[in-house]
Every structure is written in C-alpha cells, then in structure tokens.
Participant: 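Please find one structure pasted underneath; my questions will follow.
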Amino acid sequence: MRQLLLITDGCSNVGMSPVVAAAHAKAEGITVNVIGVVERGESISSAEVEIEEIARAGGGMSRLVNTHQLSQTVQMMTRKTVVTTIQQAVNKELRQVFGAESVEALPPDRRGEVVRVIDELGESSPLKIALLIDTSASMRPKLAAVEEAIRDLVLSLQSRSGRSEIAVFHFPDSENGEGCVCDLDWTDNIAGVKRILPRLAMRGTTPTGPAMMQVIDFFRQGDYGRTIRGEMDGMTGEDVV
Amino acid sequence: MKTSSELRLAPGTVITGKWNRGRYRVERLLGEGANGKVYLVEHSRRLYAMKVGGDAVDLQSEINVLRSLASRRRRTEPFLLAVDDYVHRDGKEYPFYIMRYVRGSVLHEYLQREGADWFPLVGYNLLGKLAELHEAGFVFGDLKRENVLVGSYGRVELVDYGGATAIGKSVRQFTELYDRGYWNAGSRTAEGTYDLFSFAVLCLHLFEGRRLLQLTKTLLPQNRSPADLIRLTTGHPALKPFAGWLARALGGEFASAREGAAAWQRIMYGGGVKPARRRRSTAGWAAGLFACTMIALAAAIVWMISEGMLPTGLS
Ligand SMILES: Nc1ncnc2c1ncn2[C@@H]1O[C@H](COP(=O)(O)OP(=O)(O)O)[C@@H](O)[C@H]1O
Ligand SMILES: [Mg+2]
C-alpha cells in the first residue's frame, strides 16, 4: 500500500497542476491525502478548494486543521486510508465471490468475517507513506508541529505488524524552486534523526504539482529494488529532478 | 469520509431494521462521538441504546469485539442485542446496533454529583472491567471519561469499543491526552499496560484536570514525560493515597490489570484513604447546608426527647 501525504497551507503557483499530479499518483496506485494547516484567524479559502480537488483526484481525503490537531489527523488519515484501500480490494473480491457490491451490501451477520479480514490485512500489509511538506515562508511557524506529527506517525506505524516505512520530502527546493528535496529516504525508524525538516524557510514559489511528480517518481524508483535504492541514498534535490 | 453526523433522528422516529425488521422508537439522543451517535430507543416496551454509525466497516469492527466478548461470558446479561441497517427516506443506509441501555452518567459527572468518596470504589470497578477485557484478549484503547458510564452504587460499564484492539496489534483508536505515546512513555501496541496508563491519566484528569491540560499546553512535545504526570499524583487528597499506585501504572509496572486491581484494593482497604474534602461546588455547598439542617434537626429531636415532647409513634 502506498500513500502520499501532502501538508501545505496555500495554493500552488508554479508548474503542473497538483490536481493532475494527484491523478498521476492514483494511476500509479498511490493514494493522495492532503492536510491544510491553518492558524487561528488565518483564512485559506482559495487553497481549500485546491486541497479538496487534489485529494479527490488522488483518491484520498483532505482536512483543514490547526497545528494542535495535526498529529491526530495524520495518524487518523493514514489508518483510515489503509482500511479504505484494503476495503476496495476486498470489495472487488466480494463482487466476484458473492456478487455483492460492497461490505455494506452483505447482510450484517456475514459482514463480521469480511471485516475481520480487512482489519487483519490493514494491520499486516506492507505500507509506504511519502510525506511531502510545503516549507514555503508561511509554513515556517508550523514546521515544528509538522515534524512532531511525523514522529508521532512513525510511533504509530511501529506498532503495526506489517512492514511500514516513511520517506519525507519538502518543497520548494530553492529560491525559484521547481521541485522538492528528499529529507529522509524510506525508513521505519527515525529515533536517531535530530531534525527532519530544514528550519530555513524558502520564500517565493509553491511548486506543489512538480514536487508531487517527483515523489511519484521516487516511489517508482523504489520499485526497481534495493540496488537502485542504494545509489539514491545520498540523494539531493538536484538528483531527484 | 462518510459520517453519521448529518443524520439526526428526532424523538418519536420509528426505525425498522432492513434485514431483521425489528422496530425501534427513538426516545432521545444519549451521546455522540467520533464514530457515531447513540440514541435511547424503545423496543417491545423495553429501553435499549442504539448506536448508529456512518461507516459500516468501522462499526462492524466494534461489533466483532462485542461478539467475541459475548461468546466468552455467556452467563451474564448480553450487551449486544441486534445488528441491522436503517434505510433513510433519502435512500442512504446507516448501519446500527442495539445494546443494553446503561443507566448512568459519564464518570466525571457521576463523581461531581455523588462526591469523591465514590472514587476509590469506582476506580476499582473500572479496573475490574479492564481486567476482564484483557483476559478476553482485548485492550480497550480509547479509555477516557466519556467512555466510562457509572450507574447506581458505583457500578461501572465501558461503552464505545471503537478503540478495542486484539492484544499485540496496534491500538485502533485513542485520544492524545490519555495515550502513552503522546507522553513519550511507550508504544501504541495493544498491551494491558497501555490501558493502565490511560486509567492513571483518567484519574489525574478527574482531580487535577486544570494542571493536566496546562501541561499539554506548556510542554514541548519532546519534553513530555510520565515524570510530569507523576508530579500531579500527590496534590489532591482523593489521589494522594493512590499516588504510588498511579506512579506504577504510569511507569508500566503492573503485569496486568488484575494485578493493578488487587494493588488498588489493598490501598482502598488499607486505611490509606481519607474521606475527600468536599468540593467547593454548588453541590458541596448544598451538601453542607443539608448537613447543617440535619444537625439542627438532631438538636431539635434531642431537645424534644429531653422535654418529653415526642409523638407517641416515635418513642
Ligand atoms: N449503552 C449505552 N447506554 C447509555 N449511554 C450510552 C451507551 N453507549 C454510549 N452511550 C453514550 O453515548 C456516547 C457516545 O457513544 P460512543 O459509543 O462513545 O460513541 P463514539 O464511538 O462515537 O465515541 C457515550 O459517551 C455515552 O454517553
Ligand atoms: Mg466515545
């Protein structure tokens, strides 16, 4: 199972539309979730629409939250998406085996067994989550909370029985940035990592779409296997492009 | 995400189950949370609680837990009674289940009303419930004030099995304040110690709520630690006798809830518990007034006896 979680607080303004990028992700079997982080009094109504559309195109969900709710939301979204992904796969089986459209269509006394299977697979299936963090200037005061949410997510993932890995990216990659930087390659343990995200916020552009495309590419390269991953360990922003 | 929040059932609405055709008349809303709404309903002249969920899979997970609990304790009165779907006029379907109606109040309201003297017993009963659940192979997960109902004489019932998780799996649902991961005190793997940690935070929340919430606002995430919680265990007279116990629970030291319950019981009857000081709430004030009245009444009776003025029926 593969998820891309975008955490942002504004509209993209450079390059490919993030909605198109999200549709690409979906086509690759990557579910896209989006969290919009807002501070009290802050209004991002225009971004709100974009956030919703990205999630819809990416087959995931979107939420607008403040920094205090961030950890809980990341955790909940991830879990929920795992269940939904499995559920979709199970529904496909159900159609073939029982001729039922979905779990809901089964009579209640037959749902129990199916849901047990969903729960079990949700717990044990391998899971890869790429976090793509907007570090443009307005996000700066929120980055500590984002970092905390990432650590919290890893803690939750560690208690799953299936293999669970995260990778972290931030964007823009430079002053007139066109893409993202990989801060953390696939890992299941970040205990030794002092600081995940750079504290130096970039001003200027928000290339959400291009950054997403790079992350999708990163997923695909990961599929080639360990040799290529080894070469990518020391990867920087330029290497991704 | 689907939610049941858009569905509001007015009192008097009659719901007929799609599959089993059971009829339930809605009396009123009992409460709601993240996974659904719970209504008081009438069925064949008896009252039940009906939980209506938005998501069939989530609700079914909960039902699965309740089922496996039921199969373990056949002799007791069943908790889960029926499972069905409700088809709304607009065509949408909502899954629901019917459970025993627990007459009682949520934990903090109970203690506020009945007084902190009930706390040791209620705590003990709650530990017993947790131990029972653990012995059935589950951890409760989302232990918090709203999910503990207390009935007459401190009887305790856990509601909301949305967080209940088979031991060894990752806790399905939790609330940050009560989560040991949030306090940098351990994993989110479902173990008995996970619930005992939440239980200890719950105790702190009941009597040191303000200071507890203050901690969540002032401490940096990486600095949160069980030591901060342990410091809150000695302040309030109701908690003080249990300070050592709470420290052990926060440190994950009890091997099981059963062991924790036994230790709690020893403190309860070991003379360590002093009657709690009355809270200075309106209830406490009213109780004080009542006490004064009783003293005045007693004095009057003593006077009447000494003066030989008692009515014949009483002498
Ligand atoms: N069996 C019951 N009897 C009486 N009240 C109940 C019962 N079950 C739940 N409630 C009330 O409804 C509230 C919400 O139910 P709960 O199952 O906790 O929903 P959620 O999973 O959405 O949090 C509870 O806090 C409690 O006050
Ligand atoms: Mg609840």
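Letters A, B, ... are given to chains in the order of the sequence lines, protein chains preceding strands, and every chain is numbered from 1.
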Participant: So for A/Ile86, is it side chain, backbone, both, or neither that comes closer than 4.5 Å to the heavy atoms of chain B?
Facilitator: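 Contact with chain B is absent: no heavy atom of A/Ile86 under 4.5 Å.
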
Participant: Between the side chain of A/Gln3 and the main-chain N/O of A/Asn33, is any donor-acceptor distance below 3.5 Å?
Facilitator: no

Participant: Give a yes or no on whether the backbone of B/Leu158 and the side-chain of B/Asn147 come within a donor-acceptor separation of less than 3.5 Å.
Facilitator: no

Participant: If you check every heavy atom in residues 116-127 of chain A against those of chain B, which residues fall under 4.5 Å?
Facilitator: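 The residues closer than 4.5 Å to chain B, in numerical order, are A/Arg116, A/Ile118, A/Asp119, A/Glu120, A/Glu123.
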
Participant: Considering only heavy atoms, which portion of B/Asp58 lies under 4.5 Å from any heavy atom of chain A: side chain, backbone, both, or neither?
Facilitator: side chain

Participant: Hey, which of A/Arg79, A/Glu148, A/Gln75 has the most heavy atom pairs under 4.5 Å with chain B?
Facilitator: A/Arg79

Participant: What do you reckon, is CZ of B/Arg23 surrounded by more than 12 foreign heavy atoms closer than 6.0 Å?
Facilitator: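 Counting neighbours around CZ of B/Arg23, 12 or fewer heavy atoms of other residues, nucleotides or ligands fall under 6.0 Å, so no.
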
Participant: Tell me whether B/His88 at atom NE2 has more than 12 heavy atoms from other residues, nucleotides or ligands lying less than 6.0 Å away.
Facilitator: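 Buried by this count: over 12 neighbours within 6.0 Å.
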
Participant: Need one label for B/Tyr97: side chain, backbone, both or neither, based on atoms under 4.5 Å from any heavy atom in chain A.
Facilitator: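 Contact with chain A is absent: no heavy atom of B/Tyr97 under 4.5 Å.
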
Participant: Identify the residue among A/Val37, A/Asp134, A/Leu132 that makes a side-chain contact (heavy atoms from CB on, under 4.5 Å) with A/Ile7.
Facilitator: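 In the set A/Val37, A/Asp134, A/Leu132, the residue that makes a side-chain contact (heavy atoms from CB on, under 4.5 Å) with A/Ile7 is A/Val37.
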
Participant: Between A/Gln69 (side chain) and A/Asn66 (backbone), is there a donor-acceptor pair under 3.5 Å?
Facilitator: yes

Participant: Among B/Asp84, B/Thr189, B/Val57, B/Val83, which residue forms the greatest number of heavy-atom pairs with chain A at distances under 4.5 Å?
Facilitator: B/Val57

Participant: Name the one of B/Leu107, B/Thr175, B/Val201 that satisfies side-chain contact (heavy atoms from CB on, under 4.5 Å) with B/Lys144?
Facilitator: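 That would be B/Thr175; it is the only one of B/Leu107, B/Thr175, B/Val201 passing the side-chain contact (heavy atoms from CB on, under 4.5 Å) with B/Lys144.
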
Participant: Given heavy-atom pairs under 4.5 angstrom as the criterion, report whether the side chain, backbone, both or neither of A/Val83 touches chain B.
Facilitator: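 Only the side chain of A/Val83 comes within 4.5 Å of chain B.
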
Participant: Judged by modelled atom types alone, do B/Asn35 and B/Gln173 share a side-chain donor-acceptor pair under 3.5 Å?
Facilitator: yes

Participant: Is there a donor-acceptor pair closer than 3.5 Å between any side-chain N or O of B/Arg248 and the backbone N or O of B/Phe254?
Facilitator: no

Participant: Is A/Ala105 close to chain B through its backbone or its side chain, or both, or neither, when contacts mean heavy atoms under 4.5 Å?
Facilitator: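 A/Ala105 touches chain B through backbone heavy atoms alone.
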
Participant: Where on A/Val115 is there a heavy atom nearer than 4.5 Å to chain B: the side chain, the backbone, both, or neither?
Facilitator: both

Participant: Counting only N and O atoms by type, is there a donor-acceptor contact under 3.5 Å from the side chain of B/Asp195 to the main-chain atoms of B/Phe140?
Facilitator: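 Yes: the side chain of B/Asp195 pairs with the backbone of B/Phe140.
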
Participant: Would you say B/Lys18 has more than 12 foreign heavy atoms packed within less than 6.0 Å of its NZ?
Facilitator: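 Yes, the 6.0 Å shell around NZ holds more than 12 heavy atoms from other groups.
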
Participant: Using a cut-off of under 4.5 Å for heavy-atom pairs, which of B/Ser170, B/Pro221, B/Gly168 has the most such pairs with chain A?
Facilitator: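 Most heavy-atom pairs within the cutoff with chain A belong to B/Ser170.
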
Participant: Could you tell me which of B/Glu93, B/Arg67, B/Arg172 has the largest number of non-hydrogen atom pairs under 4.5 Å with chain A?
Facilitator: B/Arg172

Participant: Can any side-chain N or O of B/Arg72 pair as donor or acceptor with the backbone N or O of B/Glu135 at less than 3.5 Å?
Facilitator: yes

Participant: Could you list which of residues 150-161 of chain A have a heavy atom closer than 4.5 Å to any heavy atom of chain B, in residue-number order?
Facilitator: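 Result: A/Asp152, A/Leu155, A/Ser156, A/Ser159, A/Arg160.
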
Participant: Could you tell me whether the side chain of B/Tyr194 and the main chain of B/Val139 form a donor-acceptor pair under 3.5 Å?
Facilitator: no

Participant: Are the side chain of B/Thr16 and the backbone N or O of B/Val14 linked by a donor-acceptor pair below 3.5 Å?
Facilitator: no

